[in-house]
J.: 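Structure provided below as C-alpha cells; questions to follow.
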There are 2 protein chains.
Amino acid sequence: MKVEEAGRSGCPINLTLEVLGDRWSLILIRDIMFGNRRHFRELLSLSDEGIASNILADRLKRLMERGLLTRRDDPTHKQKAIYSLAEPAIQLVPLLAHMAAWGRRHMPVTEELSIRAELLEDGGPPMWEAFMDELRHLHLDAPKPARSVFQELRQAYEAVLAKKAVAAGAAR
Amino acid sequence: MKVEEAGRSGCPINLTLEVLGDRWSLILIRDIMFGNRRHFRELLSLSDEGIASNILADRLKRLMERGLLTRRDDPTHKQKAIYSLAEPAIQLVPLLAHMAAWGRRHMPVTEELSIRAELLEDGGPPMWEAFMDELRHLHLDAPKPARSVFQELRQAYEAVLAKKAVAAGAAR
DNA sequence: GCTTACTGATTGCGATTAGCAACCAGAGTG
DNA sequence: CACTCTGGTTGCTAATCGCAATCAGTAAGC
C-alpha cells in the first residue's frame, strides 16, 4: 500500500520518468495514438510486444490516475469501455516523434515499423501539430481538422507492406 | 542468464524503450550530461534522487553495453574511472529537452530545477545543436565550440537560486 | 432458453528486479 | 601507520513483472 508518492525530486525529467519511465506505458500510448486502439481487447491482442492482461489493466489504471487517459462506457456494449487520450498524452506527440527518430537512427528497427517514424521526423513540428489536432478530434470533442496525418501514416505504412509483398513475389 | 535479447518488436519506439525505459537510465544520462558528473561517486552521492550503488553499477554497465556510455581510466587516480557520453547519448539532447518541457507543463516541478528546462525549450533546436557540439567537446575529442550552453544553463540556475535567497532574506 | 463467444478485468504463482545496508580491496594522504 | 577515498560487490527483503488460468456480465445465434 503506497503511503505517499511525492516523487523523488522536482526535476521535470525525473517527474516525467516517474510517470512514463517503464517498459509499457509509452507502448500503450503509442498503440492508442497511432493504432487508434480504444478497447482493452484491442490493446491486449493486437499488441506487437505481447502485453499481459494484468499489466495492461494496471497501466491503464495508472495512466488514468495520472491524467493521461480517460475511460468512458461504450454505448454499443454495456461492459465495453473506450479509452481515450487526455490532453497531456496528446502533447506527447513530439516526444514520441523524437523517440522514434532516435530509435530509427541507433537501433535495429524494421523497415515497415519505422516508415511512420521517418514520415513524422520529416514532417517536423507542423506535422506534429496537425496530428495533435486530429487526436483532439478523435479523443476529445474537437472539430475535425482538414488534414489527416493519421491517414498519411497509414498509407505510407501500407505502401511499404505492398512494396515488400511485390519484392517477395519477384524473388520467388 | 539471458539466452537472447532480440527485442520484443522492431518498432523504433519499442526499441528505444527497451534501452531507456526504466526509472534510472535517463536520470544517469541527465546527470552526466547536465551536471557533468563523470565519476561513480559523483553520480552516487550527488544524485538528487538517491540511486543505490548496485543499481548505479548495473545501469552504467548496461548503458556501456548498449553503446551509450564509455569508460576510461582516470590518469590522476589509478582506481578512478571516467564515464563519458557516446554519440548516441549525446543525440538524446532533443529528447531530454522535450521530456523536460512536457514535465514542466504537466508535472509539479520546482522552479530552480526547471529553469534549465525552460531555457532549453526557449532556445529550441539551435541551442540543442550548440549544446551537442559542446558535449562532443567534453566527452569525445571534438574541438571546443564558441558558445557554451553549459555555462548559460548554470548561470540561469544560479540566478534563480540567488533570487530565492534574496526572497527568503526579505521574508525574514 | 440454451449455448457459445466476447467483454474488461482479477487471481495465483514463480521469476526477476529494486533498493537498502554492509562490506571490500586497492590507492592515495598525512 | 592510520585514515580516507576510489569504484564497486554481496546479502537480504520487498516490490514488481509477466505468464496462465480464471472470472462474471453481456450479447448474439439458434
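Proteins come first, then strands; the chains are lettered A, B, ... in the order of their sequence lines, and each starts at number 1. Because only heavy atoms are used, hydrogens play no part in the values below, and waters and symmetry mates are left out as well, while side chains stay in.
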J.: Of all residues at least two apart in sequence or in a different chain, which pass the side chain to side chain contact (heavy atoms under 4.5 Å, CB included) check with A:I55?
T.: A:W24, A:I51, A:A52, A:R59
J.: Specify the separation, in whole Å, of atom CZ of B:F40 and atom C1' of C:dA27.
T.: 17 Å
J.: Can you list every side chain to side chain donor-acceptor pair (under 3.5 Å) pair that touches residues 149-160 of chain B, not counting sequence neighbours?
T.: B:R147-B:E152
J.: Does any part of the side chain of A:L69, heavy atoms only, come nearer than 4.5 Å to the side chain of A:I32, both counted from C-beta?
T.: yes
J.: In chain order, what residues pass the salt bridge (Lys or Arg N to Asp or Glu O under 4.0 Å) check against A:E49, with sequence neighbours excluded?
T.: A:R30
J.: Test of understanding: with side chain to side chain contact (heavy atoms under 4.5 Å, CB included), list the residues that count as partners of A:L17, not counting sequence neighbours.
T.: B:L26, B:I27, B:M99
J.: Return the set of residues passing side chain to side chain contact (heavy atoms under 4.5 Å, CB included) with A:I82 (not counting sequence neighbours), or none when no residue passes.
T.: A:R38, A:H39, A:R72, A:D74, A:S84
J.: List in numerical order all residues of residues 47-55 of chain A for which some heavy atom is under 4.0 Å away from an atom belonging to DNA chain C.
T.: A:S53, A:N54
J.: Separation of B:W24 atom CH2 from D:dT16 atom C1', in whole Å?
T.: 16 Å
J.: Suppose we screen for salt bridge (Lys or Arg N to Asp or Glu O under 4.0 Å). Which residues come up paired with B:E121, at least two apart in sequence or across chains?
T.: B:R104, B:R105
J.: When you compare the side chain of A:D48 with that of A:L113, does any pair of heavy atoms fall below 4.5 Å?
T.: yes
J.: Grab the CG-P distance between A:L44 and C:dT10 for me, whole Å please.
T.: 13 Å
J.: Holding to side chain to side chain contact (heavy atoms under 4.5 Å, CB included), I want the full list of residues that pass it with A:V19, two or more places apart in sequence or in another chain.
T.: A:R66, A:L68, B:M107
J.: How many Å lie between CD1 on B:I27 and P on C:dG19, as a whole number?
T.: 11 Å
J.: Can you measure A:R59 atom CZ to D:dG18 atom C1' for me and round it to whole angstrom units?
T.: 10 Å
J.: How many Å lie between NE2 on B:H39 and C1' on C:dG28, as a whole number?
T.: 15 Å
J.: To the nearest Å, give me how far apart CZ (B:R62) and C1' (C:dA18) are.
T.: 12 Å
J.: Give every pair of a protein N or O atom and an N or O atom of nucleotides 1-5 of chain D that lie under 3.5 Å apart, one pair per line with the distance.
T.:
none

J.: Output the rounded distance in Å from CG (B:D58) to P (C:dG19).
T.: 11 Å
